[in-house]
Amino acid sequence: MDYEAVIGLETHVQLKTKSKMWCGCANEFGAPPNTNVCPVCLGLPGVLPVANEEALRLTALTGLLLNCTVTRYAKFDRKNYFYPDMPKNYQITQYDKPSTISGWVDFEFNGGLARVRITRAHLEEDVGKNFHFDRNSGVDFNRAGVPLMEIVSEPDLTSPDMAYEYLNALKDILVYGGVSACDMEKGMVRCDVNVSVRPKGQTELGAKIEIKNMNSFSGVRKALEYEIPRQIEVVKKGGKLIQSTRRWDDTTGITEEMRTKEHAHDYRYLPEPDLMPFQPTDTWLEEIRQRVVELPLARKQRFMRDYQLPMSDAQTFVWDVPLGTYFEGIARQAKNPKAAANWVINNLRAKLAEAQVTLPDLKFKPAGILELIDLVDSGKISTRIAQEVFAEMFTTGEAPARIVEKKGLAQVSDTAAIEKLCDEAIAASPGPAADFKAGKTAALNFLKGQVMKFSKGKANPALAGEILERKLKG
Ligand code: ADP
Ligand code: MG
Ligand code: ZN
């Protein structure tokens, strides 16, 4: 019998706010331990939380970016459990009335588009971080109370690769929307992976097994690549899977059981008495709507459609947003947008990296690239000379036509001058000339190269080829 995997992800993302969720402490990574703390985020008795409104806004914005409904009544709840990194002994989260519900994410997968439905994106708080030393342990509470958003997917994913692509797409959307920096190295995105298997064709879901606290997307993929065959093996051997929680060990490459359903936490959720339910007004929602940006996939598709760019160019402009925006500024007036994309991607990007400057520092006007393309397209300069002109324009900021004129770089299309260079080339290379006459057509390229060399790259190559051929055949 064939089995299939069913996967649903719960993705936790730290929001890009200046301060924490319930207090004024800085939401900042890398500060010395326990320096961004106060009685509120340390959970001391008698303190009261005040909700960070920007965190509520970013959650609503995420809802809109993920095609969710932003609810008109959201509330906070206490999720009770004990752990040393959480001194209040409860985490404030949104249980039955989350900020957003029912959306979807479209992303590229397997050469086409895939859709994963989003159950909800709700707001909660991060906890502190435990450190274990040789003889003792410590807790850093800088992260305690940092706004954390949880994005829960429906169990729509079917393979490790699909989960990986979904996570990347989700991350790109959140970065685009300015919701989170999604810096994996700084632990800003963490994921719980839920996976079950079932016989192909069965609609009922198998027992859900949750792999907790993954902090890399490649880790998620590897864990699933291990866990799915493991589960299939168990059921194929007639065993029974039970709902449980497992841990992924990256060094050994296996998952191991932490606890089963019987030992599952009872979180004893209760409404947070110190916070009012949140009921956004029309004006508030309208302000969030103004912050909605074009999604990465839509941008890519638009670049391919509007400027006839190949997928790889469009992808470059999706990853490098300022470069894409710069390109768009030129492409709208370009007769040949693909040529403009080539200049921006192959030449400009390399030069920027080499000179360690950014787009706003550029000395030349964006229209300079259009002028350069026109000079090539009209045959005034060769593509090789164009490289030289571009380099000069990059350093001095001068317009391409001026550079060509000043340096005498215009392509020579004067037949008499090229005839002379061709005669010289034939005289200097009797061997290749004889080869061509004997039928080795490739020898013409060598002679053409000689003509280009003699002209310092300025001869019109097509014309040189024609003249050489005529001379040798005649
Ligand atoms: P819990 O209440 O334990 O958090 P949920 O039903 O809310 O469980 O689901 C949590 C996540 O697990 C969701 O992403 C959901 O899509 C996924 N999920 C639920 N049931 C299954 C299953 N049988 N197999 C795989 N994923 C599942
Ligand atoms: Mg869960
Ligand atoms: Zn604080």
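When a ligand or atom number is given, it counts from 1 through the structure's own listing order. Please read all numbers here as calculations on a predicted model, not as lab measurements.
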*C25 atom SG and C23 atom SG as seen from the Zn ion (ligand 3), angle to 10 degrees*: 110°
*Per-atom contacts, ligand 1 versus E154 - under 4.0 Å to a heavy atom*: 16 (O)
*asked:* I'd like to know whether CD of Q279 has more than 12 heavy-atom contacts from other residues, nucleotides or ligands below 6.0 angstrom.
replied: yes
_Residue portion contacting ligand 1 (non-hydrogen atoms closer than 4.0 Å) for L9_ = backbone
*Crowded around Y83 OH? As in, over 12 foreign heavy atoms under 6.0 Å?*
no
*Heavy-atom count around E286 CD within 6.0 Å, excluding the residue itself: above 12?*
yes
_Numbering as shown, the atoms of ligand 1 that approach G206 to under 4.0 Å (heavy-atom distance)_ = 23 (N)
*Could you list the atoms of ligand 1 found under 4.0 angstrom from a heavy atom of S196?*
22 (C), 23 (N), 24 (N), 25 (C)
_CE (M258) with more than 12 external heavy atoms under 6.0 Å_ = yes
*Step through the shown structure and confirm whether more than 12 heavy atoms of other residues, nucleotides or ligands are within 6.0 Å of NZ on K222.*
yes
_As a check for students: among T245, V197, V193, N194, identify the option with a heavy atom nearest to atom 12 (O) of ligand 1._
N194
*Output the list of atoms in ligand 1 that are nearer than 4.0 Å to some heavy atom of S153, sorted by atom number.*
13 (C), 14 (O), 15 (C), 16 (O)
*asked:* Test of understanding: given a 4.0 Å heavy-atom threshold, classify the contact between V152 and ligand 1 as side chain, backbone, both, or neither.
replied: side chain
_F327 vs W343, test: ring-ring contact (aromatic ring centres under 6.0 Å, His included). Steps then yes/no._
CA-CA 9 Å; F327 163 76; W343 279 104; over 10 Å; no
*asked:* Tell me the nearest of K208, E10, R198 to atom 5 (P) of ligand 1, using heavy-atom distances.
replied: K208
*Please indicate whether K338 has more than 12 foreign heavy atoms, meaning atoms of other residues, nucleotides or ligands, lying under 6.0 Å from its NZ.*
yes
